[in-house]
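In what follows, a single structure is set out as structure tokens and then discussed.
Quick caveat, the model's predicted, so the values are computed rather than measured.
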Amino acid sequence: MFKFSKKKLFAFSLIALVPSIVFFSTSCGAWTSVYPKKINVFGNKYGELNDCGKNIRSLLYGGKDFNNGNYILIVGTATNEKLVNLLTGTQGSTNNINDCVISDTIIKTAIDDTIFSTHVDSIAVASYIVNDREVPDKKDSAPGNLYDPFIKWTHDDMHDHDNKSDKDNWQNNHKEDEYARNDTDAKNYRDIYDVINIVQGSTVFSSSDDKGRTFAVIGWHDGFPYSTYFNYANSINTSSFSEWLTACFTWKHS
């Protein structure tokens, strides 16, 4: 069954978000350098989509610069099966989101239903999704064993080695509890994940998944953020997504 999860509303609406936004404007380059893709072409691969023309910072600010303020933002990692289901209409995770064909099964059908029922002119979809990657020198790594951006080196990684030379070499190049992945995608995702948690609230990413294999769907109506995010704890389908979209785009901000 579809469920809503309420976030605490700030007393001064968007004004209360300004201190956090100002702080991250100098501490997080990713939210100004990353431009999510715009999902407006169905039947093509995700990697073939163009960016939406706005960076993460601009989208989180809200306002009417993007699609007159009526849009949703999807952020997540490609190994989340429910995220792949939302985008492609098929079950299962993927090793490469860029090769996935975007289906109209859920997103487009739900948006068309919502536009018809709410009379909103249009609803745009922006999406930032990163692939999980293999960490070649991780001790328990195997071909095709992918690691999300939040995986860290463990005690076993540091100490469980066949000989002292291997152990010393490993400990000279790694530290326990440090991130295993430091590629650009992983760094950007960690930064943006933290920004969204502060600006939108710590419960915007579903707690039902591992931290690095979760995703968030956030909506803006007339430039104002909707106070309820899409909760996909049980299932992803056209009906549940349509219900959330309809609530989002009939909501009247004060």
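- Here N80 contributes atom CG and F215 contributes atom CZ; the two are 5.5 Å apart, rounded to the nearest 0.5 Å.
- In this structure the side chain of L245 reaches within 4.5 angstrom of the side chain of I72, judged on heavy atoms.
- Here the closest heavy-atom approach between residue I74 and residue I107 is recorded as CD1-CD1, 4.4 Å.
- Ring-plane geometry between W244 and F230 is classed as tilted, the angle between the planes lying from 30 to 60 degrees on a 0 to 90 degree scale.
- Taking the side chain to side chain donor-acceptor pair (under 3.5 Å) definition, one finds that S242 meets it with nothing, sequence neighbours left out.
- Here CD1 of I151 is found 15.0 Å from CD of E178. Values are rounded to the nearest 0.5 Å.
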Chi angles and distances behind the side-chain contact (heavy atoms from CB on, under 4.5 Å) call for I115, I123 | CA-CA 8 Å; I115 290 174; I123 300 170; 4.2 Å; yes
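- With Y179 as the aromatic partner, R190 meets the cation-pi criteria of under 6.0 angstrom to the ring centre and within 45 degrees of the ring axis.
- By the salt bridge (charged side-chain N to carboxylate O under 4.0 Å, His left out) test, D113 is found to be paired with no residue, residues two or more places apart in sequence or in another chain being considered.
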Show the numbers, then the answer: is there a side-chain contact (heavy atoms from CB on, under 4.5 Å) between T94 and D99?
-> CA-CA 9 Å; T94 177; D99 287 340; 5.9 Å; no
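- Judged purely by atom type and a 3.5 angstrom limit, S103 has no side-chain atom pairing as donor or acceptor with the backbone of L87.
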Please step through side-chain contact (heavy atoms from CB on, under 4.5 Å) for the pair V34 and N55, ending with a clear verdict.
-> CA-CA 6 Å; V34 170; N55 57 28; over 6 Å; no
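- Residues meeting the ring pair (Phe, Tyr, Trp, His ring centres under 6.0 Å) test with Y193, sequence neighbours left out: F150, F205.
- Under a 3.5 Å cut-off, the side chain of D191 and the backbone N or O of W31 do not form any donor-acceptor pair.
- Sorted by first and then second residue, the ring pair (Phe, Tyr, Trp, His ring centres under 6.0 Å) pairs involving residues 69-90 (not counting sequence neighbours) are F66-Y71, Y71-W220.
- By the 4.5 Å heavy-atom criterion applied to side chains, L49 and I39 are counted as neighbours.
- Evaluation of the side-chain hydrogen bond (donor to acceptor under 3.5 Å, both in side chains) test over residues 33-48, restricted to residues two or more places apart or in two chains, returns Y46-S127.
- In this structure a side-chain-to-backbone donor-acceptor pair under 3.5 Å is present from S117 to T114.
- Between the side chains of N85 and T90, no donor-acceptor pair is found at a separation under 3.5 Å.
- Without hydrogens or angle criteria, N67 side chain to S122 main chain gives a donor-acceptor distance under 3.5 Å.
- A ring-centre distance under 6.0 Å is found for F249 and H221.
- Separating the OG1 atom in T228 from the CD1 atom in I218 is a distance of 12.0 Å, to the nearest 0.5 Å.
- Residues that satisfy the salt bridge (charged side-chain N to carboxylate O under 4.0 Å, His left out) test with D112, not counting sequence neighbours, are K108.
- Considering OH of Y189 and CD1 of I129, their distance stands at 9.5 Å, rounded to 0.5 Å.
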Is there a side-chain contact (heavy atoms from CB on, under 4.5 Å) between R181 and D132 once you walk through the steps?
-> CA-CA 9 Å; R181 283 184 57 186; D132 287 3; 4.2 Å; yes
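- Between the S58 side chain and the K54 main chain, no donor and acceptor come within less than 3.5 Å of each other.
- For T88 against C100, the heavy-atom pair with the smallest separation is CG2-CB, 3.8 Å.
- Using modelled atom types, one side-chain atom of T109 and one backbone atom of D104 make a donor-acceptor pair closer than 3.5 Å.
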